Amino acid sequence: MAKTNLWDERDLTEEQKLFKESILDWAERNLPLDRVIKMNREGHPFPPDIIKGLADLGVIMGTVPEERGGLGLNWKDQSLIAEVIGYVDPSIATAAGFMAVSTGWGFTIDRYANDVIREKYVKPAINGDKFIGIATTEPGGGSDVSNFKCTGEKDGDEWVLNGEKTFISGVEEAKKIGGGYWVNVRTGPKEPGAPHKNMTAFFVPIDSDGLTPAEPYDDAGRNAISTGGFIMEDVRVPEEHMLGEKGKGFYYTMEGFDNARILIGASAVGVTRRILEEAADYIKERETFGNPLAKYEGIQFEFVERYIEMEASNLMVKKVAAMQDVRYDEEGWLARTNKAQTYSPKEIAKWISMIKYKVPHLAKDTADDAMHWLGAAGYSSEYIFETAWRGVMSYCVGAEGGANIQKIVIGRETLGPDYVPYK
Amino acid sequence: MKFVVCVKQVPDTTEVEVDPETGTIIREGVPSVLNAFDEFALNVAVQLKETLEEDVEITALSMGPPQAKEALTKCLAIGADSAILLTDRVFAGADTWATAVTLSRAIKKLGGADVIFCGQEASDGNTAQVGPEVAAHLGIPQLTFVSEIEKIEDKNIICKKETDEGFLRTRCPLPVVIACMPTPGFLPKIPNMREIIKGKRKPYEEWTFKDIGGKEEDYGLEGSESVVVRTYSPPPKGEGIIIDDEPEVAVQKLMDYFEKEGIL
């Protein structure tokens with residue numbers, strides 16, 4: 001760990017302090033920075049010992065209710081855990097695979113799955129024995145969720161799924177240890193002016209007959225977790241694999257995005273904190289022209305600005321996590337009445353989009369700054385900065401929703417629906 | 001069977017600095033942690049419990065300010081079944097004697113214990129006196145520098161006790177105070193999230209001096225037998241000498257140095 005400590009624990013609960021301490025102690029033994037760098041250099045699949053370690057530690061899908069194998073954590077606790085995971089692995093590979101995907105989407109799968117899927121896939125994923133995730137993007141596009149082309153047709157007691165999904169996190173990991181994906185398909189005609197209707201979500205096991213995984217992508221960063229895709233040709237799944245109600249897949253998907261985006265925002269705060277701590281160690285010691293680098297305003301002021309942005313982002317994440325707790329505490333929302341109680345779903349989505357847009361960019365820009373402060377050393381993979389920079393870029397580019405999509409959501413909620421550029 | 005583990009919350013010694021003017025430890029902003037020796041003792045107690053067929057209840061016991069609850073919360077996550085914090089302004093300023101009086105009276109109130117575990121010492125004071133003094137106040141045997149417990153059988157404990165020459169395999173009748181000395185490379189148990197949550201649901205109590213009885217003057221500063229006159233940081237030793245050479249040459253250089261300095 002860095003000598004510089006930029007954590008402030010005073011507003012954490014006793015449990016949260018211990019969560020943090022345990023994860024840091026575990027990481028010191030199992031996932032130090034040099035291993036993070038090595039894992040990302042060697043690439044996927046994600047090391048099984050780390051998956052099992054994360055599961056034993058209890059950080060995966062903590063928000064799933066206790067009676068279904070989770071810990072019944074609230075979102076404030078889970079986002080603190082995500083922040084520490086981001087801090088431990090600033091390449092963001094661990095957070096991508098096991099906070100945003102497994103936890104954010106896994107929690108949402110658990111909410112809409114029946115007990116068969118929960119027993120067969122969700123519980124084993126909580127225990128690190130399987131990998132579950134989300135497959136929404138298609139070759140024709142990712143942001144325009146309501147216009148996807150994959151189809152599902154009922155045939156007796158089964159559904160027959162066809163189409164292609166791409167840019168999916170963790171396909172190689174799911175192939176290796178088993179698991180599957182939340183897949184959205186069109187199960188009814190596309191209604192003019194309401195393309196989001198008639199989308200249905202299914203849980204599709206990775207080893208389904210007719211499902212052919214594509215070659216994994218050679219990504220710029222967060223290489224420890226794979227990105228892949230698959231083609232579905234007459235994949236048959238039983239009725240019990242349908243998640244929630246027929247035709248409501250679009251709404252569930254938006255909820256899943258909200259859950260994943262909170263955790264990625266929280267993780268990116270952790271990434272930023274670690275980058276600043278590691279950079280601070282260097283700039284306080286490295287001397288040029290008779291002074292440590294940290295004494296020069298050119299560097300010190302940039303450092304301070306990033307620190308301010310990080311703590312501001314941290315407060316935003318805490319606010320959003322608190323809003324999410326209210327959302328899940330209020331039955332009215334669960335029934336999707338759309339009657340705003342404390343917060344409407346769209347209002348929460350606005351705040352979530354704000355952190356999804358802001359924090360990964362902050363982490364990426366902070367890593368960029370750190371490389372400039374350190375010079376050649378910062379550009380070298382001896383330090384974490386370039387690995388972090390390449391990793392968090394994935395969340396600036398589009399993982400869990402493109403940057404401009406977040407702006408459209410924020411614009412809709414601030415300027416009004418009349419100003420939404422695309423519908 | 002009942003185990004009591006005495007623990008202390010201490011400043012994280014890796015971050016402690018001494019104020020050069022006042023000579024006192026700067027505690028502001030310094031994180032507090034569970035004393036590593038006590039954490040080892042708790043780990044030993046939890047492991048021993050797992051090997052025993054009969055039911056064992058482990059109580060973690062600490063004396064300290066209200067924030068010492070954090071250390072006990074960690075004990076509950078690691079495996080203690082209940083925890084008691086002895087916290088009262090009356091206890092403030094206690095030396096090792098008064099601390100041992102307080103702890104031993106609390107143990108008596110608990111109805112005694114078969115084994116009382118404590119760390120060999122605390123990383124802030126390093127006196128190594130509290131454990132033996134608790135044994136003295138309770139009038140029971142003590143084993144110090146214990147690195148391993150083999151078993152409990154026929155109301156006796158058999159353990160490994162480190163000595164300057166090696167170790168002693170010792171048998172002692174219960175009840176007993178065991179002062180534990182961490183073995184090199186020992187890695188304490190890391191409680192997982194589930195254990196932390198379960199720990200928070202376990203019984204936790206705070207006791208004041210009224211709960212354990214006695215007179216106010218038995219405790220804290222007033223009940224202390226020793227007085228701290230001054231705390232100071234020893235002056236730096238200066239730079240050392242490193243002889244980096246082949247063994248034979250290095251030994252010769254060392255001998256030459258000893259001779260030159262009049263050491264030999």
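As the structure is a prediction and not an experimental result, all values here were calculated from the model. Values below: all heavy atoms of this structure, side chains included; hydrogens, waters and symmetry mates excluded. Order of the sequence lines fixes the chain letters, A, B, ..., with proteins taken first and strands second; residue numbering starts at 1 for each chain.
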Discussion item. Does atom CZ (B:Phe186) have a neighbourhood of more than 12 heavy atoms from anything else shown, all under 6.0 Å?
Written reply: yes
Discussion item. Run the side-chain contact (heavy atoms from CB on, under 4.5 Å) test on B:Ile197 and A:Leu73 for me, step by step, so that the C-alpha distance in whole Å, both residues' side-chain angles and the decisive distance to 0.1 Å come before the verdict.
Written reply: CA-CA 9 Å; B:Ile197 292 165; A:Leu73 293 182; 3.5 Å; yes
Worksheet item: Given the rule in the side-chain contact (heavy atoms from CB on, under 4.5 Å) test, do B:Ile190 and A:Glu21 qualify, once you have shown the distances and angles that lead to the verdict?
Response: CA-CA 9 Å; B:Ile190 298 172; A:Glu21 189 179 329; over 6 Å; no
Item to complete: Inspect the surroundings of CG in A:Asp11 and state if more than 12 heavy atoms from other residues, nucleotides or ligands are less than 6.0 Å away.
Response: yes
Discussion item. Which atoms of B:Lys200 are under 4.5 Å from chain A, going by heavy atoms: the side chain, the backbone, both sets, or neither?
Written reply: side chain
Worksheet item: NZ of B:Lys109: more than 12 outside heavy atoms within 6.0 angstrom?
Response: yes
Discussion item. Just checking A:Arg286: does its CZ atom have more than 12 heavy atoms from other residues, nucleotides or ligands closer to it than 6.0 angstrom?
Written reply: no
Fill in: Pairwise distance NZ(B:Lys189) to CG(A:Asp25) - rounded to 0.5 angstrom
12.5 Å
Discussion item. Tell me if the NZ atom of B:Lys198 is crowded by more than 12 foreign heavy atoms within 6.0 Å.
Written reply: no
Worksheet item: Should the heavy atoms of other residues, nucleotides or ligands under 6.0 Å from NZ of A:Lys20 be counted, would the total exceed 12?
Response: yes
Worksheet entry | A:Asp77 side, atom CG; B:Met193 side, atom CE - distance, nearest 0.5 Å | 10.5 Å
Fill in: A:Lys17 portion near chain B, given a 4.5 angstrom heavy-atom threshold
side chain
Worksheet entry | Among the listed options A:Arg10, A:Glu14, A:Glu66, the residue most often paired with chain B at heavy-atom distances under 4.5 Å | A:Glu14
Discussion item. Donor-acceptor pair, distance only, cut-off 3.5 Å: does the side chain of A:Ser22 make one with the backbone of B:Asn192?
Written reply: no
